[in-house]
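Report on the following structure.
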There are 2 protein chains.
Amino acid sequence: MKIGELSRRTGASIRSLRYYEAQGLIAPLRESNGYREYSPLAEEQVRTIRFYLQLGLTTEQIAGFLNCVLSRPETFCTEVLPVYESKLADIEAQIAQLTRIRDNLTDRIASFRGESQQGEGESMRDERSERR
Amino acid sequence: MKIGELSRRTGASIRSLRYYEAQGLIAPLRESNGYREYSPLAEEQVRTIRFYLQLGLTTEQIAGFLNCVLSRPETFCTEVLPVYESKLADIEAQIAQLTRIRDNLTDRIASFRGESQQGEGESMRDERSERR
DNA sequence: CTTGACCCTGACATTAATGGCAGGGTGTAT
DNA sequence: ATACACCCTGCCATTAATGTCAGGGTCAAG
């Protein structure tokens with residue numbers, strides 16, 4: 001299978017497939033004319049790569065356990081768990097941060113609504129509060 | 001006040017202060033030797049800029065309403081509300097996306113725990129589910 | 001032989017705010 | 001004058017995956 005077909009089958013752009021190769025995630029053979037030749041298993045492999053990318057893992061992290069998860073169930077690959085745990089910690093921190101900002105924004109939007117109709121006992125002062 | 005002092009007072013790096021100027025957020029005078037001379041009001045102005053940056057707004061968005069909010073309470077500046085609303089929509093989408101990923105990660109981590117002790121009636125198969 | 005659909009490599013762009021360096025001027029105190 | 005603390009501009013780097021050129025082979029069908 002050549003790169004165009006693999007791209008069509010997996011939804012990954014040709015550019016991305018070449019990038020995965022440069023990152024050591026996949027290693028197609030080369031035909032005598034220099035064209036990449038992918039084995040049929042590459043299709044599953046690329047889907048797996050894209051799945052982990054969607055989870056927010058980097059190509060470097062994926063490279064660390066891809067061989068393992070391709071050959072057996074993920075839960076048997078001890079390299080995977082710490083990656084998941086650290087990613088989870090990241091995400092939770094991001095969610096916490098975004099939630100703080102969201103709450104701040106909703107408060108501020110609400111104070112527009114209050115201000116535009118009538119001051120309902122609220123301070124008219126510019127209240128730019130931090131919530132760190 | 002020169003740039004070093006303003007930097008010390010506000011916590012913004014000198015580099016950042018020059019960047020804010022390049023983005024049209026602040027316009028110090030120049031002394032005959034080319035040094036920037038900031039008015040005392042600049043301190044408040046920079047704090048305001050940094051506050052909005054922490055809310056995740058871009059310098060371009062801030063430029064759109066900074067003059068207004070510096071001279072009156074934020075809630076009187078009609079340019080601000082749509083910016084807040086669109087930023088809020090962004091943030092909520094990001095939170096939703098991160099939450100999906102987080103839930104996926106926690107599920108997968110949980111299945112490690114199940115797998116490592118004994119299969120408790122769970123499928124041993126690699127269950128890589130999507131949750132879109 | 002030409003057309004058209006493939007494939008190749010290499011390189012630059014993207015995003016936004018910030019860090020950091022090089023090379024150089026200014027100003028004050030010793 | 002020399003040292004030292006400032007200031008200036010301009011430029012490159014950062015991050016990670018992807019898009020998008022340019023410039024060039026390959027190969028089948030007509």
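Sequence lines set the chain letters: A, B, ... in the order given, protein chains first and strands last, and positions in each chain run from 1.
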From the candidates C:dT9, C:dT18, C:dC7, the one with an atom nearest any side-chain atom of B:S16 is C:dT18
Under 4.0 Å between any heavy atoms, over every strand shown, what does B:R18 touch: base, sugar-phosphate, or nothing? Just pick one. base
Separation of atom CZ in A:R30 from atom P in D:dG25, rounded to whole Å: 17 Å
Side-chain N,O (A:R36) to OP1/OP2 (D:dT26) below 4.0 Å: no
CD of A:E21 versus P of C:dC8: gap in Å, rounded? 8 Å
Looking only at the side chain of B:Y35 (C-beta and beyond, no hydrogens), which of the listed nucleotides D:dT18, D:dT9, D:dC6 gets closest? D:dC6
Relative to the 5' end of DNA chain C, which residue comes earlier, B:N33 or B:L57, by the nucleotide with the nearest heavy atom? B:L57
Tell me whether A:T48 contacts the main-chain N or O of A:E44 through its side chain, where contact means a donor paired with an acceptor under 3.5 Å. yes
Quick one, A:L17 and A:R36 - any side-chain contact, counting heavy atoms below 4.5 Å? no
Is the closest side-chain heavy-atom distance between A:V83 and A:Y52 below 4.5 Å? no
Residue closer to the 5' end of DNA chain D, A:Y19 versus B:G34 (nearest nucleotide): B:G34
Of the listed nucleotides D:dT18, D:dC6, C:dG19, the one nearest the side chain of A:R50: D:dT18
When you match A:I3 and A:R15 each to their closest nucleotide on DNA chain C, which lands nearer the 5' end? A:I3
Nearest 0.5 Å please: distance from the OH atom of A:Y38 over to the CD atom of A:Q45. 10.0 Å
How far, in whole Å, is D:dC8 from C:dA16 if one measures between their C1' atoms? 24 Å
